[in-house]
Amino acid sequence: MTALGFLYPGHSAEDDYPRIEQLLASDIRLDLVHTDIGEDAHRVDALRRMGAAERLAEGVEALRLTGAEAVVWACTSGSFVYGWEGAHEQVRTLARTAGMPASSTSFAFVHAVRELGVRRVAVGATYPDDVADLFARFLTAGGAEVAAVRDCGIITAAEVGTWGEAEVFALAKEANTEEAEAVLLPDTALHTAAHIPALEAELGKPVLTANQVTVWEALRLTDRRVNAPALGALFTREPIVQV
């Protein structure tokens with residue numbers, strides 16, 4: 001059994017994680033601890049407070065008790081708002097505090113883009129434009145070329161969590177461009193786990209979503225690969241090890 005730990009801010013789309021665990025259909029357990037979201041606002045100042053080291057540290061002991069072998073800060077905006085170097089320091093501090101390998105959803109996107117072997121991506125962000133632009137800059141720092149960004153101007157994760165299939169598909173299609181090799185949906189408050197294969201079929205290219213890449217990143221940290229086509233192209237890459 002491989003136990004993977006996640007620090008998830010507040011309550012929005014956390015039910016993606018038991019769904020993903022089921023779709024992995026392997027000896028993998030996903031353990032999720034909720035952190036204090038503070039002010040629910042997609043504003044840079046609020047997001048930086050949400051991702052502060054002391055807030056993440058509060059959830060670490062509970063994850064240790066689960067036997068987690070790696071931890072991922074399951075929040076995109078609460079990591080990339082620190083910038084490339086600041087986000088690195090955030091996960092270094094988390095790793096020291098937790099005593100295990102650590103990462104964040106922002107780095108999960110960068111690593112997943114590299115895993116797919118694509119360069120040009122389109123971004124469909126629920127965030128306001130200034131926050132969406134910071135994500136695009138983060139991806140650029142990680143070596144990706146951002147062909148287009150579609151922002152929605154939504155302030156709260158709570159509102160994002162109410163979105164259903166129709167809204168998710170509309171966002172992905174509006175973000176997509178012909179030159180983009182993959183479409184990225186970066187908010188972990190967005191329910192996407194049930195829709196990834198259908199999104200990829202609709203757009204004709206890989207789709208990376210926040211909770212999907214977060215789990216993939218935790219698997220990467222523990223040197224696990226699982227063949228799970230129901231989670232999209234990212235989970236069908238070679239070499240595959242299935243237990």
Side-chain angles (χ1 to χ4, degrees), residues 12-13 16 20 42 44 47 74-81 83-84 87 103-155 157 159-161 163-217 220 229-237:
S12 294
D16 264 6
I20 291 172
H42 286 144
V44 172
L47 293 168
C75 183
T76 325
S77 56
S79 48
F80 68 70
V81 291
W84 185 255
S103 189
S104 68
T105 305
S106 292
F107 288 115
F109 273 108
V110 170
H111 297 150
V113 167
R114 293 174 184 170
E115 175 76 5
L116 291 175
V118 302
R119 182 171 178 83
R120 292 183 304 279
V121 302
V123 173
T126 55
Y127 318 129
D129 58 354
D130 61 327
V131 177
D133 181 62
L134 289 176
F135 182 56
R137 293 186 194 182
F138 190 90
L139 292 171
T140 301
E145 178 185 329
V146 180
V149 178
R150 167 74 167 92
D151 61 79
C152 296
I154 296 178
I155 296 298
E159 181 179 350
V160 175
W163 276 27
E165 181 179 8
E167 292 88 349
V168 171
F169 270 74
L171 175 60
K173 288 191 282 189
E174 289 167 8
N176 187 36
T177 64
E178 187 175 342
E179 63 269 27
E181 299 168 275
V183 174
L184 280 53
L185 305 180
D187 199 337
T188 58
L190 192 64
H191 290 90
T192 59
H195 310 309
I196 298 167
L199 283 167
E200 293 186 336
E202 178 76 21
L203 301 181
K205 61 188 65 175
V207 175
L208 298 176
T209 74
N211 294 320
Q212 168 216 35
V213 301
T214 298
V215 173
W216 178 86
E217 179 76 347
R220 188 188 68 83
L231 290 170
L234 180 63
F235 280 83
T236 60
R237 302 288 293 174

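If you read the sequence from its start, that first residue is 1, and numbering goes on from there.
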*Asks:* Specify the closest pair of heavy atoms between Ala210 and Pro186, including all atoms of both residues, with the distance to one decimal.
*Replies:*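 Shortest heavy-atom separation between Ala210 and Pro186 comes out as CB-O, 3.4 Å.
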*Asks:* With under 30° as parallel and over 60° as perpendicular, where do the rings of Phe138 and Phe80 fit, or are they tilted in between?
*Replies:*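 Plane angle between 30° and 60°, so tilted.
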*Asks:* Donor-acceptor pair, distance only, cut-off 3.5 Å: does the side chain of Arg120 make one with the backbone of Glu179?
*Replies:*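 Checked: pair present.
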*Asks:* Hey, are the side chains of Trp163 and Ile154 touching, using non-hydrogen atoms and a 4.5 Å cut-off?
*Replies:*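 Yes, side chains in contact.
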*Asks:* Side chains of Phe135 and Val149: does their closest heavy-atom pair fall under 4.5 Å?
*Replies:*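 No, their side chains stay 4.5 Å or more apart.
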*Asks:* Would you call Ile20 and Leu231 a side-chain contact if the rule is heavy atoms closer than 4.5 Å?
*Replies:*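 In contact.
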*Asks:* Can you give me the closest heavy-atom contact between Ala180 and Val121, atom names plus distance?
*Replies:*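 Looking at all heavy atoms of both residues, the shortest contact is CB-C, 4.0 Å.
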*Asks:* Side-chain contact, heavy-atom cut-off 4.5 Å: Arg150 with Leu171?
*Replies:*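 Yes, their side chains come closer than 4.5 Å.
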*Asks:* Minimum heavy-atom separation for Leu185 and Ala172, please, with both atom names.
*Replies:*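 Smallest interatomic distance, heavy atoms only, reads CD2-CA, 4.2 Å.
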*Asks:* If every non-hydrogen atom of Ile155 is compared with every non-hydrogen atom of Pro128, which pair is closest and at what distance?
*Replies:*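 Minimum heavy-atom contact is CD1-CG, 3.8 Å.
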*Asks:* Considering only heavy atoms from C-beta outward, does the side chain of Leu208 approach that of Leu116 to under 4.5 Å?
*Replies:*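 Yes - at least one pair of side-chain heavy atoms lies under 4.5 Å apart.
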*Asks:* I'd like to know if the side chain of Thr76 reaches the main chain of Ser106, judged simply by a donor and an acceptor atom lying under 3.5 Å from each other, with no hydrogens or angles considered.
*Replies:*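 No, because the side chain of Thr76 does not come within donor-acceptor range (under 3.5 Å) of the backbone of Ser106.
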*Asks:* Report yes if some heavy atom in the side chain of Asp187 is under 4.5 Å from a heavy atom in the side chain of His42; otherwise report no.
*Replies:*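 The answer is yes, as the side chains (C-beta and beyond) meet within the 4.5 Å cut-off.
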*Asks:* Donor-acceptor pair, distance only, cut-off 3.5 Å: does the side chain of Thr188 make one with the backbone of Ala74?
*Replies:*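 Pair found, side chain donor or acceptor close to backbone of Ala74.
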*Asks:* Under a 4.5 Å cut-off applied to non-hydrogen side-chain atoms, are Glu181 and Arg119 in contact?
*Replies:*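 They are in side-chain contact.
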*Asks:* Are Phe109 and Trp216 an aromatic pair by the rule of ring centers under 6.0 Å?
*Replies:*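 Centroid distance Phe109-Trp216: not below 6.0 Å, so no.
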*Asks:* On a heavy-atom basis, which atom in Ala13 and which in Asn211 lie closest, and how many Å separate them?
*Replies:*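 Looking at all heavy atoms of both residues, the shortest contact is O-ND2, 3.8 Å.
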*Asks:* Okay, side chain of Glu200, backbone of Ala233: is any donor-acceptor separation there less than 3.5 Å?
*Replies:*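 Yes, because the side chain of Glu200 sits within donor-acceptor range (under 3.5 Å) of the backbone of Ala233.
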*Asks:* Which pair of heavy atoms, one from Asp16 and one from His191, lies closest together, and at what distance?
*Replies:*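 Of all heavy-atom pairs spanning Asp16 and His191, the closest is OD2-CA, 3.8 Å.
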*Asks:* With heavy-atom distances below 4.5 Å as the criterion, would you say the side chains of Val183 and Leu199 are in contact?
*Replies:*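 In short, these two side chains do not touch, never coming nearer than 4.5 Å.
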*Asks:* Between the side chain of Arg114 and the main-chain N/O of Gly143, is any donor-acceptor distance below 3.5 Å?
*Replies:*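 Looks like no, no N/O pair under 3.5 Å.
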